[in-house]
Amino acid sequence: MRRHPRRGEAGREVSLPSEKGAEVGRRIGVGLMYGLWKPRVLGAWRVPTTGPVILAVNHSHGIDGPMVMGVAPRPTHFLIKKEAFIGPLDPFLTGIGQVKVDRDTTDRTAITRALGVLENGGVLGIFPEGTRGEGDFASLRAGLAYFAVRSGAPIVPVAVLGSSDRRGRLIKGLPPLRSRVDVVFGEPFEAGDGSGRRTRTALDEATGRIQKQLAAHLENARRFTGR
């Protein structure tokens, strides 16, 4: 699908993340994730094959994003904190279609790019907890609700399990090489109430609905995988 630039703050034209780059990133992720670990992917068929989609991923380890990029059936543009875009990683992450976001402010450029991904029928990946933690969806930021309600894109919950269970012997910061990591995709759902409202109250209500759906998916995924 063709990329269309969008107007950002002060009418400036904002370039959108590269779709071809995201596909390159997906292929790199396939090679790395299946080469280093043993992903078990469940429910990937639930991801809509076309149209805008938001993947809401729990986040307990640094490999969660690359893991989902590698096993998802469609190329994914993740919202990634700006602190990760350092040195050679900056042009690399940008080149593979990822979106840099400043979490300490209202990053209008990142918002414009993320909405542009969805407007062009792409897949946006979000860690709704905002930062790495227990990975239990216990605390959600409002960003996920905003993008879902604003774009109308369905949300697919994604549970990554096993990435933070144990430390590797060779590289302490990574899971043991060739260990199993489960990635469970859930049923798509709509965040809005059908009214089209985008008020603060509507977003707060949407965040509550989203949290219940994500928590239920995580519980089911843990039960199903035995994690």
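A quick note: this is a predicted structure, and the numbers were derived from the prediction, not measured. Hydrogens, waters and symmetry mates play no part in the numbers below; they use all other heavy atoms, side chains included.
- Residues Leu118 and Arg150 fail the side-chain proximity criterion, which asks for heavy atoms closer than 4.5 Å.
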Self-check item: salt bridge (charged side-chain N to carboxylate O under 4.0 Å, His left out) between Lys100 and Asp90, worked out
Solution: CA-CA 9 Å; Lys100 181 194 303 186; Asp90 189 344; 3.6 Å; yes
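- Put simply, the side chain of Ile126 does not reach to within 4.5 Å of the side chain of Leu55, judged on heavy atoms.
- Under the rule for a ring pair (Phe, Tyr, Trp, His ring centres under 6.0 Å), Phe185 has no partner lying at least two apart in sequence or in another chain.
- Among all heavy-atom pairs drawn from Val71 and Pro39, the shortest one is CG1-CB, 4.0 Å.
- Smallest separation of non-hydrogen atoms from Ile63 and Pro175: CD1-CG, 3.6 Å.
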Quiz prompt | Derivation of the side chain to side chain contact (heavy atoms under 4.5 Å, CB included) call for Val68 and Phe78 | solution = CA-CA 10 Å; Val68 173; Phe78 265 99; 4.0 Å; yes
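- Contacts of Arg74 classified as side-chain contact (heavy atoms from CB on, under 4.5 Å), with partners at least two apart in sequence or in another chain: Val47, Val53, Val123.
- Within the model, atoms CG of Leu214 and CG of Leu144 stand 6.5 Å from one another, a figure rounded to the nearest 0.5 Å.
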Quiz item: Do Lys82 and Val101 pass the side chain to side chain contact (heavy atoms under 4.5 Å, CB included) test, and can you show the C-alpha distance, the side-chain angles, and the key distance before you say yes or no?
Solution: CA-CA 5 Å; Lys82 69 174 185 179; Val101 60; over 6 Å; no
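- Taking all atoms of both residues into account, the shortest heavy-atom contact from Thr207 to Ala145 is OG1-CB, 3.3 Å.
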Practice problem: Kindly determine whether Glu219 and Arg222 satisfy salt bridge (charged side-chain N to carboxylate O under 4.0 Å, His left out), including the steps that lead there. | Solution: CA-CA 5 Å; Glu219 181 181 351; Arg222 284 174 170 165; over 6 Å; no
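- Val160 is listed as a side-chain neighbour of Val181, based on a closest heavy-atom distance under 4.5 Å.
- To the nearest 0.5 angstrom, Ile96 atom CD1 is 10.5 Å from His77 atom NE2.
- Ring centroids of Phe85 and Phe92 are separated by 6.0 Å or more, keeping the two rings apart.
- To the nearest 0.5 Å, atom OG of residue Ser151 and atom CD1 of residue Ile54 are 4.5 Å apart.
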Exercise. Test side chain to side chain contact (heavy atoms under 4.5 Å, CB included) on Arg227 and Arg180 and set out the steps.
Key: CA-CA 11 Å; Arg227 294 280 190 177; Arg180 196 186 83 199; 3.4 Å; yes
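- Minimum interatomic distance between Ala44 and Pro73 (heavy atoms only, all atoms of both residues): O-CG, 3.7 Å.
- A donor-acceptor pair is defined here as one N or O able to donate and one able to accept, closer than 3.5 Å; no such pair exists between the side chain of His217 and the backbone of Lys212.
- Remark: Leu36 CG to Leu177 CG distance equals 6.0 Å, nearest 0.5 Å.
- No salt bridge links Glu23 with Lys20; every basic N to acidic carboxylate O contact stays at or beyond 4.0 Å.
- Counting only heavy atoms from C-beta outward, the side chains of Thr94 and Gln98 never approach each other to under 4.5 Å.
- Taking CD1 from Ile155 and CD1 from Ile210, the interatomic distance works out to 3.5 Å, rounded to the nearest 0.5 Å.
- Proximity of Val183 to Leu42: side-chain heavy atoms (C-beta onward) are nowhere separated by under 4.5 Å.
- Side chain of Asn120 to main chain of Gly122: no donor-acceptor pair is present (N/O by atom type, distance under 3.5 Å, no hydrogens or angles).
- Here the straight-line distance linking atom CG of Leu89 with atom CD of Glu83 works out to 13.0 Å at 0.5 Å rounding.
- Across Ala84 and Leu93, no two heavy atoms sit closer than the pair O-CD1, 3.8 Å.
- By the 4.5 Å heavy-atom criterion applied to side chains, Pro75 and Arg27 are not counted as neighbours.
- Applying the side-chain hydrogen bond (donor to acceptor under 3.5 Å, both in side chains) test to residues at least two apart or on different chains, the pairs with a partner in residues 33-43 are Arg40-Asp182.
- With a 4.5 Å cut-off on side-chain heavy atoms, Phe224 and Val184 do not count as touching.
- Between the side chain of Arg113 and the backbone N or O of Pro17, no donor-acceptor pair lies under 3.5 Å.
- Pro157 is not listed as a side-chain neighbour of Asn58, based on a closest heavy-atom distance of 4.5 Å or more.
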Quiz item: Given the rule in the side chain to side chain contact (heavy atoms under 4.5 Å, CB included) test, do Leu16 and Val117 qualify, once you have shown the distances and angles that lead to the verdict?
Solution: CA-CA 7 Å; Leu16 297 185; Val117 166; 5.8 Å; no
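- When the shell of 6.0 Å around CZ of Arg178 is examined, it contains more than 12 heavy atoms from other residues, nucleotides or ligands.
- In terms of heavy-atom proximity, Tyr146 sits nearest to Ile111 at CE2-CG2, 3.9 Å.
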